[in-house]
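Keep in mind the model is a prediction, meaning the values are calculated, not measured. As the structure lists them, so they are numbered: ligands from 1, and atoms in each ligand from 1.
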Amino acid sequence: MNKKYAMAYIIDRCIDCKACMVSCKAEWNVPEDFFRTHIDQGLKKELHGKFRMDFLPSQCNHCDKAPCVTVCPTKASHKREDGIVYVDRSRCVGCKYCIPSCPYDARFYNHDLGVAEKCTFCLPRIADGLEPACATTCPGNVRVFGDINDPASEISMVLGAAKENKQKVWKLREDLGTLPNIYYIQK
Ligand code: SF4
Ligand code: SF4
């Protein structure tokens, strides 16, 4: 069976330190004003007048039915056999069709290179047997990366344990039919 790379976020562990955003930017020399991964904040009201702040990481979801792949006229944006949605810079003509097609706002236009850009799950790093930079850097171990087709991988075990413990496991905007591959795990 092919590998299928995915990531799970154990979101209760996120402290909004933004180390993932910074390490990603450094790893990929991401242009000023842009990031490949983000942390959103949400204020939740709780009982007895107390409030709770939630931090929600996000990045490209490496969707199985990715609109960005469908609209790309040159097939620069494509879904690889290992599940990664990748932009082949040598084929990207900078038409920007893919950027508004992404319902998760995961792409931007790299003016320096004239191509569309987004998370690649750090493809060169994983080819070298390393984790994506964001997962390595995260001090809270929020980000668990791996092959969900391998039952012995850390991500499979984390998702299995979440199911066993009846934790909430969800993905962003599943109603859109894009079949995203970033899992959110919450108490
Ligand atoms: Fe950036 Fe790599 Fe994390 Fe994607 S996986 S957000 S490219 S550090
Ligand atoms: Fe494409 Fe957006 Fe899905 Fe990533 S999140 S695969 S950029 S549609």
Report all side-chain donor-acceptor pairs from residues 152-159 shorter than 3.5 Å, counting only partners two or more places apart or in another chain.
residue, atom, partner, partner atom, Å
Ser153, OG, Asp147, O, 2.8
Ser153, OG, Asp150, O, 2.9
Ser153, OG, Ser156, N, 3.3
Ser153, OG, Ser156, OG, 3.0
Ser156, OG, Asp150, O, 2.7

Applying ring pair (Phe, Tyr, Trp, His ring centres under 6.0 Å), which residue pairs with at least one partner in residues 150-170 are found, sequence neighbours left out?
Trp170-Tyr184
Is the CG atom of Asp40 crowded by more than 12 outside heavy atoms at less than 6.0 Å?
yes
Anything protein N, O or S sitting under 2.8 Å from atom 2 (Fe) of ligand 2: count it and give me the total.
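Every protein N, O or S atom under 2.8 Å from atom 2 (Fe) of ligand 2 counted, the figure is 1.
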Any side-chain donor near an acceptor of the partner, Asn149 and Asn2, under 3.5 Å
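There is no such pair between these side chains.
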Hey, is Lys168 close enough to Asp12 for a salt bridge, meaning N to O under 4.0 Å?
no
Can I get a per-line list of side-chain donor-acceptor pairs under 3.5 Å for residues 121-130, giving both atom names and the distance, sequence neighbours left out?
residue, atom, partner, partner atom, Å
Arg125, NE, Glu131, O, 2.6
Arg125, NH2, Glu131, O, 3.0
Arg125, NH2, Thr136, OG1, 3.3

